[in-house]
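Down below is the structure, laid out as structure tokens.
Numbered from 1 within each chain, the chains take letters A, B, ... in sequence-line order.
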Amino acid sequence: MPTIKIESEKCKGCSLCIDVCPYELIRQERTINHQGYQYVVLADPEEQCTGCTLCALMCPDICIEVFK
Amino acid sequence: MPTIKIESEKCKGCSLCIDVCPYELIRQERTINHQGYQYVVLADPEEQCTGCTLCALMCPDICIEVFK
Amino acid sequence: MTEQKRILVKGNEAVGMGAIRAGCLYYFGYPITPQNEIPEFMSRELPRHDGEFVQAESELASINMVLGASAVGVRSMTSSSSPGISLMQEGLSYLAGQELPAVVINVVRCGPGLGGIATSQGDYFQAVKGGGHGDYRVITLAPASVQEMYDHTILAFDLADRYRNPTMVLADAVLGQMQEPIFEHGDVPPEPRKHWTLTGAANRPARHLKSLYLKEGELEAHNRMLQEKYREIQKHEVRFEEYDVDDAQLVVAAFGTSARIARTAVSRAREKGLKVGLFRPVTVFPFPGMRLCSLSERVKKFLVVEMNTGQMVEDVRLNVKGDTEVEFYGRPGGAIPTPVEVLTQIERHY
Amino acid sequence: MTEQKRILVKGNEAVGMGAIRAGCLYYFGYPITPQNEIPEFMSRELPRHDGEFVQAESELASINMVLGASAVGVRSMTSSSSPGISLMQEGLSYLAGQELPAVVINVVRCGPGLGGIATSQGDYFQAVKGGGHGDYRVITLAPASVQEMYDHTILAFDLADRYRNPTMVLADAVLGQMQEPIFEHGDVPPEPRKHWTLTGAANRPARHLKSLYLKEGELEAHNRMLQEKYREIQKHEVRFEEYDVDDAQLVVAAFGTSARIARTAVSRAREKGLKVGLFRPVTVFPFPGMRLCSLSERVKKFLVVEMNTGQMVEDVRLNVKGDTEVEFYGRPGGAIPTPVEVLTQIERHY
Amino acid sequence: MKQVFAKPKALNDEIMHYCPGCGHGVAHRLVAEALDHYDITGRTVGVAPVGCSVLMYDYFNCDIIEAPHGRAPAVATGMKRSRSDLIVFAYQGDGDLASIGLAEIVHAANRGENITVIFINNTVYGMTGGQMAPTTLLGQKTTTSPYGRNFNTDGYPIRMAEMLAPLEGTTYVARMSLDKPVNILKARKSVFKAFEMQINNVGFSFVELLTICPTNWGMDSMESIKRIQDEMIPYFPLGVFKEKETEDYI
Amino acid sequence: MKQVFAKPKALNDEIMHYCPGCGHGVAHRLVAEALDHYDITGRTVGVAPVGCSVLMYDYFNCDIIEAPHGRAPAVATGMKRSRSDLIVFAYQGDGDLASIGLAEIVHAANRGENITVIFINNTVYGMTGGQMAPTTLLGQKTTTSPYGRNFNTDGYPIRMAEMLAPLEGTTYVARMSLDKPVNILKARKSVFKAFEMQINNVGFSFVELLTICPTNWGMDSMESIKRIQDEMIPYFPLGVFKEKETEDYI
Amino acid sequence: MYYDVFISGFGGQGILLAGQLLAEAAMEKGLNVTFFPSYGVEMRGGTARCTVVMSDNEIGSPIVDNPRCVIAMNQPSLVRYQESTPPGGLLIVNSSLANLDDVKRQDIEVHGVPMSELAVELGNARLSNMVALGAFARLSGSISSDEIAGALEAVISERNRSLIPLNERAIMEGVRYAGGK
Amino acid sequence: MYYDVFISGFGGQGILLAGQLLAEAAMEKGLNVTFFPSYGVEMRGGTARCTVVMSDNEIGSPIVDNPRCVIAMNQPSLVRYQESTPPGGLLIVNSSLANLDDVKRQDIEVHGVPMSELAVELGNARLSNMVALGAFARLSGSISSDEIAGALEAVISERNRSLIPLNERAIMEGVRYAGGK
Ligand SMILES: Cc1ncc(C[n+]2csc(CCOP(=O)(O)OP(=O)(O)O)c2C)c(N)n1
Ligand SMILES: Cc1ncc(C[n+]2csc(CCOP(=O)(O)OP(=O)(O)O)c2C)c(N)n1
Ligand code: SF4
Ligand code: SF4
Ligand code: SF4
Ligand code: SF4
Ligand code: SF4
Ligand code: SF4
Ligand SMILES: [Mg+2]
Ligand SMILES: [Mg+2]
């Protein structure tokens, strides 16, 4: 089943991935990482991710890997 | 009667005026001026000059005045 | 003058305020840390004063825009930091050669090369010996507080016009970035009438401003005239400050931010009973060498403190009496000596 | 080596010949009088040696092309004259900061500004004190003959590579334009292996060449390392020449063309029975200060002769013993002192 | 399960110092992907500009040199002329390339240096804190155009791709945008093409990338992306402005 | 008898130092005629370049300053911004303007500085003794392109009028030739127009003039004139590349 | 009188504003004062730092290696700067974002104040800088919270004037938490 | 042995070639020698000048204020440089282009040689420089005309080799006119 892996310590919480996911699968945490940013996580890992890579394409910090 | 006046001390003998005169009225002297150049003169002041200013237009050293 | 209010401003902004107070309405510059607040201030303020702010395409362009503005008679300036000032060296040599007044602010950062944006005094040689080509001098002021960032900018315009010579305010990142209370004051010497400016040759013969002299002997004469002017400047414009030098056995010599730090160290040394003083050149060209020379008749030792690997120390050595010892303590590359460090050096050399 | 033929060449061409002999096949430069024969020579010769001649769009571009070429490990050079060298000051500071070898020829002309194309030694300060920003040094050679234009160019490549530092040949218009007989020789020290060049990170970690150091203390450490290197250079690379100094009461100190003129004057003084010698720094950074210092224990007076308003004289003063008198005679702005003039000065100060 | 998107090998694992959302990250990735694709990391040398991307040597796995502000094309020229077997690319911001370094980029392009230049147009001086760039749009407020860029005093936003394309020396000139996945994919193709040109010794290749600088635009990332679409692309049209065929040259 | 051709008043009576036939002379005359025509000599400031025309201050009757090599547009900008009532023109050679000073000319043009630039294209560095200029034609032998300019190593002759015309900041851009009387008359018109633009506060105006340098071309004057016609004009086409109407602006 | 304080945290926490306010207050009190912000490239990483020195004498360096007081507004600041204050110095930690367990120093006075939480309770997380200043006033004794509050007007921009009372309350909250006025 | 000579004339008169030939000859004779040409902007006006210094000692300055010999190849050179040679010095004038009546010096040796006319008689006005060198050899005694002629091969370019005999003849013509060998 397609899924993504987000390296939360690298994430800067820019939310570009959130906006681009067609299924709104990514959401921002309220807690912050060591860099001081509210990182994002895959909200619903079991379900709809199609592995379309759109989120990864947008991510400027290359914290998203996509598996299919 | 149209004519030109050439300041021979300014002339550098580049001959641009010679070539452009439709009546071939200008010729170069064999003697040199104080700058060391063989200056040009109006060959035949009495005759055909039409005051067309072509020679003066070409002269880079502005040594030609034209009267008409 | 009525009692004035102190206001808290950043060193870089104090430069802008001083410039406008001095009647400088034309600013040409290119961004570089740590002096960006100068162009930013000018871009905000000059339109309100009917002046012009031009962000030049480079420091090369900046200095040459200043050259043009100066030629038509207005007060104008540029500012930059070390790498940008290096790019202005050809222009500075032209300004000096053409005897054009201009004010250049160098908020020095650490080098060489890209280096860093922390503070430094590594551009002393460039400023006072002439980083450009040929024999010329740039009048160079070395402020040590935000108040002086303001005052020296005004003074720089005055000196530049008076001597028709480029004048530099040699600050550093600490002075540019820090905020301190200052008094704004109104006493600006009047701008001299300029009889040499290019303002159109109506009703007078055409004027030329140039540094090219091709006829035999002309350029030598021009150089000698310039040197004569520099001697005049050395005679009349030396400025310095002294603390506790009267009975001092050891005198710390330092300019700019280093002098502030040294001042604290000297006070602490005095508290410990050491006879120590501070000598602070306010102008670094002209360098207060005569005063140092006469001090050296009495003072046993000088300790020069700089935020570099040793530059002003040469000017100190050149001016003190032959056998006076001159020690050096320096921190290059963005490091700032602390008062404690300087005190340790004082104790070591006392 | 077999007996060689002398050939009559122009100083500027000798530079080109020396460079190619030293294995420099990459030349980047921009025309300027009085050094045009260098790029012209290179544009003719380098294609025949499978090298590259690039006429850069400016001196700024030239020095940065050299920076690039140096980074990939080849020997490369640029040449210019005073205003063009001013434009290279930022680049020189970067080269020094990045520890890149590079050879820069300055065929000095007279300034300041556009000045003129006659000869001068007005760029001494710029070369040896650092006209760019920050604390750095440029190894600087001062040839005094066409033979040395050739030899020093080769030496410059050697020193540049050995110390990973920009190296300048500080010539002047006379040396660039005159022709003298020279020997071409084959003894060029081998080019060292370079373990730091950017040649692709195949089979090794990636390398970076930079002068930016942002982490605390890094840039200071980098600066201290550079200073350590400059001290090494001062220890090992000082070169000078002396004539008749052994019993001299007065020693003339001069470099480059001035030294040649002074040499004639000194001979004439000797003919008149005056005990006069000549001290000629061959390297001006590192400056032969130690030798001057020990000379000053015996010599009563130094007379410094320069084609400027007094620059090397400061280095002489800084190095001689405290009470040694140092006199100066200078001709700026393209004027060349004659042997008679110098002799008159010698007699005056003897 | 197969990994269909991974960090390119030409980038290492450092956390980049860029601000959240900053376009330099995606631009770096595209360049790194090209190095991976053509397997040239081991013979590539990059030239870092002065600008926010000056630290790019901390991220790429290839050799990199730092150039003085604006001089990357001259540095790249020096490298490529001396070692034509190397792949040399310069990576420059809009202040670096279009302002102080204008003479160097135009002349490197005009000489047809066989190098690749990646040009990051974010309409602002990022590193120095948001001053006006040559590409700053009319009306845009920056710290040195506090009342908005005004053509009367500040001139016009400069279009570099259009300036370079007509030069005889250029072989590939394109402007792309990093505002959305489809454009990022197109930009990727362009960056690849640009390197391919160099690998084939065709000559000077140039890709301009429109990117965001949320920090200095005073916007969040999403607003910034919208600004590219609403304001930048209309003034800086996307497309390939020039593409010489390899055969034209061989 | 009436004098129908006279030395313009804006020039003095000095013998110019130019070589026999040199195009600078005619170019000077055209500028001077414009100053006479608009009666602006008394409020004009010229900026002399570094190049053979550096001594132009010895010939013109207006105030003149010497700019460092290539920086005339920056100097002119500083003047005009500070004293907008002055008429400011820069006079530059091809080495000065198109090589070292490229960034300055493009940015002054792009900012739309209200100045006039006269650009003397003689395809060579005259003053320094005949080195290759950015405008040197392919195949042309110069002292630094001894085997003829080769596009592989030296790049292409640069066309400045074409580069500046598309910039939004320029209002009048033309290229004219001084090879024969009819073209000189056209050039005169162009130079007049360029000054008129500035007088009317319309913005940046630019006239490129193709001229001869017999000395460094190694030809006599007549051969040189023929070279303009046979070689230069085909590569550097004549014409007005841009002319904004005054009304567009006011 | 001489006092120096170093404030460090994330960008966006209002570090520079806090420092400026303190400097302004010290000036209005008639002291000499210097305020030195971090600047330039350092800001990219999202950190902010500044130093304020107050004295009734001339002030030497505006940058201080060993400030009498360090205010660490986040975890990285705590880790990085706890070493800089000298023995007997003062360390004020924003315990909402930094872990007091990571304090290694035994020879200094350490105070944890949950600045972010207190600020959120006051209605705006961005008030944590004011809470910090309140605590600083209370603990350092170098300047009073009233003096700080009195300088708000000079530092807060025109259009945010209405927020002054809220800022005052945050300052008082810091005072209160740190041990009451 | 020390000798210095200054040659001046119009561009195109072969001034620099003459100087170079002299320098080459001196070198081949085993002397030290310097040749210094005028250069750059000075050339624009159409003048050419050079200085040659020959010596069996090390040579100081290659530029000389008071050369032992001045060769004035045209009128402006005569006017401008007759003053520079010291008392007892030598002035050789191209009397075809310079008016001997304009010689003001009484304290030097002056020789007029109609170099241009002699050259034209030899078939080429451009040979006047060689005529000048011949006269110089004869009058200065510093170097022989054979030594000068012997250096022609090194100085004249490949494709002009055939002109060497003509040049030699011009040198001899100069010698002859100046008083015979
Ligand atoms: C000679 C010189 N001038 C100015 C600077 C300061 N400076 C550093 S980066 C920069 C501009 C950065 O803007 P840009 O090129 O657009 O890159 P960005 O940061 O936006 O990616 C400037 C002006 C410098 N380092 N050197
Ligand atoms: C910084 C600097 N670099 C180089 C020079 C040397 N230089 C003087 S004029 C010139 C070029 C002249 O060519 P051009 O601009 O075409 O003018 P022209 O003489 O042909 O009219 C050069 C390179 C200089 N004076 N300053
Ligand atoms: S890969 Fe596609 S579907 Fe999956 S999280 Fe990313 S954007 Fe959403
Ligand atoms: S795009 Fe990347 S950095 Fe931005 S929020 Fe998503 S994962 Fe984090
Ligand atoms: S005016 Fe015309 S006709 Fe008269 S001389 Fe000149 S070109 Fe000939
Ligand atoms: S064009 Fe002028 S300079 Fe040339 S020959 Fe004729 S008059 Fe003389
Ligand atoms: S300032 Fe702008 S360009 Fe620089 S890192 Fe931040 S977002 Fe990127
Ligand atoms: S060298 Fe060329 S441009 Fe210069 S004056 Fe002579 S002909 Fe004119
Ligand atoms: Mg940018
Ligand atoms: Mg030209």
Side chain to side chain contact (heavy atoms under 4.5 Å, CB included) between E/V50 and D/L212, worked out: CA-CA 10 Å; E/V50 180; D/L212 177 72; over 6 Å; no
Using a cut-off of 6.0 Å, state whether more than 12 heavy atoms not belonging to D/E232 lie near its atom CD. yes
List the atom of D/A201, the atom of E/C62, and the distance in Å for their closest heavy-atom pair. CB-CA, 4.4 Å
If you look at every heavy atom in E/I65 and D/A71, which pair is closest and at what distance? CD1-CB, 3.4 Å
Salt bridge (Lys or Arg N to Asp or Glu O under 4.0 Å) against D/E220, all qualifying residues, sequence neighbours excluded: C/R331, D/R224
Between chain D and chain E, going by a 3.5 Å limit, which atoms form donor-acceptor pairs, if any?
from   : atom 1 : to     : atom 2 : distance (Å)
D/E52  : OE1    : E/R81  : NH1    : 2.9
D/E57  : OE1    : E/R111 : NH1    : 2.8
D/Q98  : NE2    : E/E66  : O      : 2.9
D/T199 : N      : E/D63  : OD2    : 3.1
D/G200 : N      : E/D63  : OD2    : 3.1
D/A201 : N      : E/G42  : O      : 3.1
D/A202 : N      : E/G42  : O      : 3.1
D/R204 : NH1    : E/D63  : OD1    : 2.9
D/R204 : NH1    : E/D63  : OD2    : 3.3
D/R204 : NH2    : E/D63  : OD2    : 2.5
D/R207 : N      : E/D63  : OD1    : 2.7
D/R207 : O      : E/I64  : N      : 3.0
D/H208 : NE2    : E/Y57  : O      : 2.8
D/L209 : N      : E/I64  : O      : 3.0
D/L209 : O      : E/E66  : N      : 3.0
D/S211 : N      : E/E66  : OE2    : 2.8
D/S211 : OG     : E/E66  : OE2    : 3.1
D/L212 : N      : E/E66  : OE1    : 3.4
D/L212 : N      : E/E66  : OE2    : 3.3

Considering non-hydrogen atoms only, spot the tightest contact between D/G68 and E/M79 and give its length. O-CG, 3.3 Å
Name the region of E/L86, side chain, backbone, both or neither, that has any atom closer than 4.5 Å to a heavy atom of chain D. side chain
Which answer fits E/V47, side chain, backbone, both or neither, if we ask what part of it has an atom under 4.5 Å from a heavy atom of chain D? neither
Of D/V66, D/L60, D/V74, the largest count of non-hydrogen pairs under 4.5 angstrom with chain E goes to D/L60
If I measure from the heavy atoms of chain E, does D/L95 come under 4.5 Å with its side chain, its backbone, both, or neither? neither
